[in-house]
Number of protein chains: 2
Amino acid sequence: MSEPAPTATARRTRRHDPHRRDRLIDAALQVIAHRGVAGTTHREIARAADVPLGSMTYHFAGLDEILTEAFTRHADGIARVFDERLTAARTRDEAVEAVITLVTDDLLSPGHDLVLTVELYVAAARNPRLKAVTQAWMQRSRDALERHFDPTTAREVDALIEGLTLHSALSTDPMTPAQIRHAIERYLR
Amino acid sequence: MSEPAPTATARRTRRHDPHRRDRLIDAALQVIAHRGVAGTTHREIARAADVPLGSMTYHFAGLDEILTEAFTRHADGIARVFDERLTAARTRDEAVEAVITLVTDDLLSPGHDLVLTVELYVAAARNPRLKAVTQAWMQRSRDALERHFDPTTAREVDALIEGLTLHSALSTDPMTPAQIRHAIERYLR
DNA sequence: AATCACTATGTACGAACGTACGCATGATGT
DNA sequence: ACATCATGCGTACGTTCGTACATAGTGATT
């Protein structure tokens with residue numbers, strides 16, 4: 001996402017590091033995914049990015065600022081994929097396929113940390129700035145869906161996507177791609 | 001849920017307090033709802049229940065134990081309502097109505113703190129005991145739904161319920177009961 | 001009434017935290 | 001070449017936390 005970090009040994013001697021702020025935001029997302037928002041501290045992020053603690057207060061006004069920027073990056077990334085897939089679809093059938101692909105390939109891919117999304121929801125419940133991030137993201141998803149479906153359907157299928165993703169992620173017995181396809185097609189065809 | 005607590009002044013003089021453990025678990029749920037799991041500390045719970053700090057270590061082996069018991073109580077409470085509504089339904093149509101009532105009246109009622117459920121999901125991602133609580137709850141919901149619907153439908157509608165509740169709770173423009181009814185009926189009828 | 005097991009309480013300690021701040025350093029513009 | 005200033009760095013302070021523990025009060029049993 002950003003430029004590679006200087007190696008640990010290099011950092012001990014060299015100091016120049018443009019994009020450090022960017023790397024810190026990415027590091028914050030890693031820490032959130034691994035330890036949760038509760039376990040995300042200045043020190044953990046600094047360790048993950050291999051920068052000294054003092055760097056945190058220089059680049060960010062406080063922990064809130066880091067969290068906001070990190071979650072904004074996360075939401076924007078997912079929303080962009082959402083947009084792209086649905087914009088590429090030309091017909092309603094293609095749009096249905098796009099939704100299925102979104103859930104099975106993008107949202108539930110092993111590399112994608114779904115837990116980040118749930119962490120965002122929880123944090124948003126008590127942080128107005130994060131609530132705004134969440135709502136902007138939801139609005140963007142719905143707008144993308146409305147390229148192909150009427151507003152009511154868009155809203156409903158948006159909720160369905162949410163439920164399918166969440167339940168699949170939380171279950172020891174996750175839904176198969178075929179089951180997800182079945183659920184979405186049942187709703188949209 | 002439990003017996004009323006002795007008043008603050010009474011506590012200062014008297015000490016006998018059976019059901020204190022129960023009250024502490026309820027207090028923990030209140031604190032989780034207000035401050036989140038991250039802001040839930042021994043001291044906050046003790047303050048909410050108006051007991052001294054030392055009482056926490058006596059009644060619970062650690063913070064994990066309190067959280068587990070609190071979330072177990074939360075999940076059991078919702079699952080019980082779920083069971084009851086679906087057991088009371090005699091026909092498929094009544095079952096559909098029961099599901100609608102569950103979402104609009106029970107899960108989304110102003111008194112019910114939906115944020116507790118999301119907090120549980122996040123905590124469960126990193127706590128095996130809480131993961132077990134979540135999965136037992138999901139299984140119980142699905143079993144209840146299977147009294148009236150085939151397993152595939154049960155699973156899908158369970159996910160739909162999740163998405164509808166979550167989106168309604170997070171949105172500034174929450175879905176109306178009519179919209180929720182529309183979404184569920186579209187799926188089940 | 002005496003005893004005892006259980007429950008309740010206040011306090012203390014070490015660890016981890018957010019944040020502030022003074023100093024060092026390297027890039028930049030002249 | 002040199003001055004300037006944004007950036008990088010180490011450290012320290014005050015706060016809050018989980019937890020332990022010694023002591024004290026209480027209800028039950030005899």
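Computed from a predicted structure; not experimentally measured.
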Which residues pass the side chain to side chain donor-acceptor pair (under 3.5 Å) test with [X], sequence neighbours left out?
X        : value
A/Asp105 : none
A/Glu69  : A/Arg21
A/Asp83  : A/Arg140

Side chain of [X] (C-beta onward), nearest among [options]:
X       : options               : value
B/Leu53 : C/dT11, C/dG10, D/dC9 : C/dT11
B/Arg43 : C/dT19, C/dA12, C/dA8 : C/dA12
A/Pro52 : D/dC9, C/dG18, D/dC17 : D/dC9

To the nearest angstrom, how far is [X] atom [atom1] from [N] atom [atom2]?
X       : N      : atom1 : atom2 : result
A/Asp22 : D/dT7  : CG    : P     : 13 Å
B/Asp17 : D/dG25 : CG    : P     : 18 Å
A/Asp50 : D/dG8  : CG    : C1'   : 13 Å
B/His42 : C/dG10 : NE2   : P     : 17 Å

Residues that [X] engages under salt bridge (charged side-chain N to carboxylate O under 4.0 Å, His left out), provided they are two or more places apart:
X        : result
A/Asp150 : none
A/Arg181 : A/Glu97, A/Glu185
B/Asp93  : B/Arg189

Name every residue in residues 56-72 of chain B that has at least one heavy atom under 4.0 Å from any atom of DNA chain D, in order of residue number, or write none if there are no such residues.
->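 The stretch gives B/Thr57, B/Gly62, B/Leu63 as the residues lying under 4.0 Å from the strand, ordered by number.
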
Which of residues 32-40 of chain A have a heavy atom under 4.0 Å from DNA chain D?
->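 None - not one residue of the stretch has a heavy atom sitting under 4.0 Å from the strand.
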
Tell me, do A/Val99 and A/His148 make a side-chain contact under 4.5 Å, heavy atoms counted?
->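 Not touching, per the 4.5 Å side-chain cut-off.
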
Check whether any side-chain heavy atom of B/Val51 lies under 4.5 Å from a side-chain heavy atom of B/His59, and answer yes or no.
->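 SC-SC contact between B/Val51 and B/His59 ruled out.
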
With sequence neighbours left out, write down each residue that passes ring pair (Phe, Tyr, Trp, His ring centres under 6.0 Å) with A/His112, or none if nothing qualifies.
->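 A/His74.
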
Please list all pairs passing the salt bridge (Lys or Arg N to Asp or Glu O under 4.0 Å) test where one or both residues lie in residues 117-128 of chain A, with sequence neighbours left out.
->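 Counting only pairs at least two positions apart or across chains, the salt bridge (Lys or Arg N to Asp or Glu O under 4.0 Å) contacts touching residues 117-128 of chain A are A/Glu119-B/Arg126, A/Arg126-B/Glu119.
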
Residue pairs, two or more places apart or on separate chains, that pass salt bridge (Lys or Arg N to Asp or Glu O under 4.0 Å) and touch residues 152-171 of chain A |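 Sorted result for residues 152-171 of chain A: A/Arg155-B/Asp173, A/Glu156-B/Arg186.
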
Sort me out a list of protein N/O and nucleotides 27-30 of chain D N/O pairs below 3.5 Å, or just none if empty.
none

